[in-house]
There are 2 protein chains.
Amino acid sequence: MTASARRGPYFCGIDAAMDVVAGKWKSLILWELHHHGTRRFAELRRGLPGVSEKMLVQHLREMEEDGLVHREVYREVPPKVEYSLTEHGVSLNAALAPLGAWGIERMGRIGAEKVSVVS
Amino acid sequence: MTASARRGPYFCGIDAAMDVVAGKWKSLILWELHHHGTRRFAELRRGLPGVSEKMLVQHLREMEEDGLVHREVYREVPPKVEYSLTEHGVSLNAALAPLGAWGIERMGRIGAEKVSVVS
DNA sequence: TCAGGTACTCACCTGAAAGTAAGTACTCCT
DNA sequence: AGGAGTACTTACTTTCAGGTGAGTACCTGA
């Protein structure tokens, strides 16, 4: 599982970007980190209602591998790990913004509910 | 399978947009229709090397259901069906453009191969 | 006459993604 | 003393997207 980096070959840029964002929680993690700057593991877990610890770790590791998030470990007595976006993560988030706007418009169109996430 | 429209609830706009784009070939179908304007079923199949007929039909049906593509059936002797983007499909494609640009940059960064698709 | 093209549908199968639940080692708070 | 919090790991199970291969009904060109 440590192997298998997402490395194409790809049909196009969207394909390459989707490969990195694919995963039930990845775009939400991106959003969460973008909004809060830096978050600890348990903060992310609480910010993403329904995520399992296994999936959160797995997605974070993959995103780290893909150069989207930075993982800072503090060797302290109660363990402390802080996650933040790298510059690639930040630019990916910016690239996702128009898609987010389109999605919000669509939610209005179809009258979709929103999961309330208190930030 | 005819039921189960993609209708949330969603965490955010990206979530709502991803729901509609999720699927191995959907973004490629969007791209293909955007570039050629109107395409017949078999043209799309040939334009997406590796896609199975089952998946192509399934994705096209879902995208029609989601209001992204328009399906025009000509009741002729050799069957003829033309697919094209609706205005929502066009705007989704526009919203995906920055993501595509990011992906191309990423492909350059990691040195990913590109599947050659002769248009 | 028969392969090949049109646009599909149907049934079955597989592999990967995600869920569930438990364990770890250590500390703080009550 | 015991429960909760820190950040995970590991093993097992379930779910489902996608792949495979066949069938359909009709027509055209060699």
Side-chain angles (χ1 to χ4, degrees), chain A residues 1-8 11 15 18-29 32-33 36 38-66 69-84 115, chain B residues 1-6 11 15 18-29 32-33 36 38-66 69-84 115:
Chain A
M1 188 74 50
T2 46
S4 82
R6 289 145 296 289
R7 308 195 152 274
F11 286 92
D15 199 12
M18 292 295 280
D19 194 23
V20 140
V21 180
K24 196 167 175 182
W25 306 95
K26 284 193 183 173
S27 58
L28 279 338
I29 292 171
E32 193 74 8
L33 289 179
H36 296 87
T38 278
R39 297 235 97 181
R40 300 182 58 176
F41 183 83
E43 288 173 333
L44 283 171
R45 196 210 313 135
R46 282 189 291 264
L48 306 173
V51 74
S52 67
E53 299 197 330
K54 176 197 142 190
M55 285 315 298
L56 187 52
V57 175
Q58 192 175 305
H59 281 170
L60 284 168
R61 289 289 139 81
E62 288 175 6
M63 293 168 82
E64 191 190 354
E65 210 179 302
D66 290 333
V69 313
H70 173 71
R71 181 163 175 267
E72 187 76 36
V73 182
Y74 297 85
R75 284 219 146 275
E76 297 176 358
V77 173
K80 177 177 172 182
V81 180
E82 281 185 349
Y83 293 93
S84 55
V115 177
Chain B
M1 188 72 53
T2 46
S4 82
R6 289 147 295 290
F11 286 92
D15 198 12
M18 292 294 280
D19 194 22
V20 142
V21 180
K24 194 167 175 181
W25 306 95
K26 285 194 183 172
S27 58
L28 280 338
I29 293 173
E32 192 74 8
L33 290 178
H36 295 87
T38 278
R39 296 236 98 183
R40 299 182 58 176
F41 183 82
E43 289 174 332
L44 282 171
R45 197 208 312 134
R46 284 190 291 265
L48 306 173
V51 75
S52 65
E53 299 198 329
K54 176 198 142 188
M55 284 315 297
L56 188 52
V57 175
Q58 190 175 305
H59 281 170
L60 284 168
R61 289 289 139 81
E62 288 175 5
M63 292 168 81
E64 192 190 354
E65 209 180 302
D66 290 335
V69 314
H70 173 70
R71 181 164 175 265
E72 188 76 36
V73 182
Y74 297 85
R75 283 220 146 273
E76 295 176 2
V77 173
K80 178 176 172 184
V81 180
E82 282 185 349
Y83 293 93
S84 54
V115 176

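Just so it is clear, the structure is predicted and the values come from calculations on it, not from any experiment. Throughout, protein chains are lettered first and strands after them, A, B, ... in sequence-line order, and every chain is numbered starting at 1.
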**Q** For A:M63 versus A:K26, what's the shortest heavy-atom pair and its separation?
**A** CE-O, 3.7 Å

**Q** So which heavy atom on A:V51 is nearest to which on A:M55, and how close?
**A** CG2-CB, 4.3 Å

**Q** Between C1' on C:dA16 and NZ on A:K24, what's the gap in Å once rounded to a whole number?
**A** 15 Å

**Q** Between the protein and nucleotides 1-6 of chain C, which nitrogen or oxygen pairs come in under 3.5 angstrom?
**A**
unit_1	atom_1	unit_2	atom_2	d
C:dT6	O3'	B:R40	NH2	2.9
C:dT6	O3'	B:P79	O	3.1

**Q** Separation of A:W25 atom CH2 from C:dG19 atom P, in whole Å?
**A** 6 Å

**Q** Between C:dC8 atom P and B:E72 atom CD, what is the distance in whole Å?
**A**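 Roughly 13 Å, once rounded to whole Å.
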
**Q** Rounded to whole Å, how long is the line connecting atom CG of A:L56 with atom P of D:dT9?
**A**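 Going from A:L56 (CG) to D:dT9 (P), I get 11 Å.
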
**Q** Tell me the closest heavy-atom pair linking A:D15 and A:F11, and the distance in Å.
**A** OD2-N, 2.9 Å

**Q** Determine whether any donor atom in the side chain of B:K54 lies under 3.5 Å from an acceptor atom in the base of D:dG19, or the reverse, and answer yes or no.
**A**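 Flag set: donor-acceptor pair detected.
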
**Q** Nearest 0.5 Å, what's the OH-CZ distance between B:Y83 and B:R40?
**A** 11.0 Å

**Q** If you take all heavy atoms of B:S84 and B:T38, which pair is closest and at what distance?
**A** CB-OG1, 3.7 Å

**Q** Testing the basics here: between A:V69 and A:L60, what is the closest heavy-atom pair and its distance to 0.1 Å?
**A**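 Smallest heavy-atom distance, with atoms named: CG2-O, 3.9 Å.
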
**Q** CG of A:L48 versus C1' of C:dG19: gap in Å, rounded?
**A** 16 Å

**Q** Could you tell me the separation between the CD atom of A:E76 and the P atom of D:dA7, rounded to a whole number of Å?
**A** 10 Å

**Q** Identify the heavy atoms of A:E53 and A:F41 that sit nearest to each other, and give their distance.
**A** O-CZ, 4.1 Å

**Q** Please tell me if B:R71 has a side-chain N or O lying less than 4.0 Å from either OP1 or OP2 of C:dC8.
**A** yes

**Q** Mind calculating the distance between CE (A:M55) and C1' (D:dA7) to the nearest angstrom?
**A**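 Between C1' of D:dA7 and CE of A:M55: 17 Å.
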
**Q** Would you say A:H59 reaches C:dA18's phosphate, i.e. side-chain N/O to OP1/OP2 under 4.0 Å?
**A** yes

**Q** OP1, OP2 of D:dT9 versus side-chain N and O of A:R61: anything below 4.0 Å?
**A** yes

**Q** Within this structure, what is the CD-to-P distance between B:Q58 and C:dC8, rounded to whole angstrom?
**A** 14 Å

**Q** For a quick check of understanding: with a heavy-atom distance under 4.0 Å over all strands, which category does B:Y83 fall into, base, sugar-phosphate or nothing?
**A** sugar-phosphate

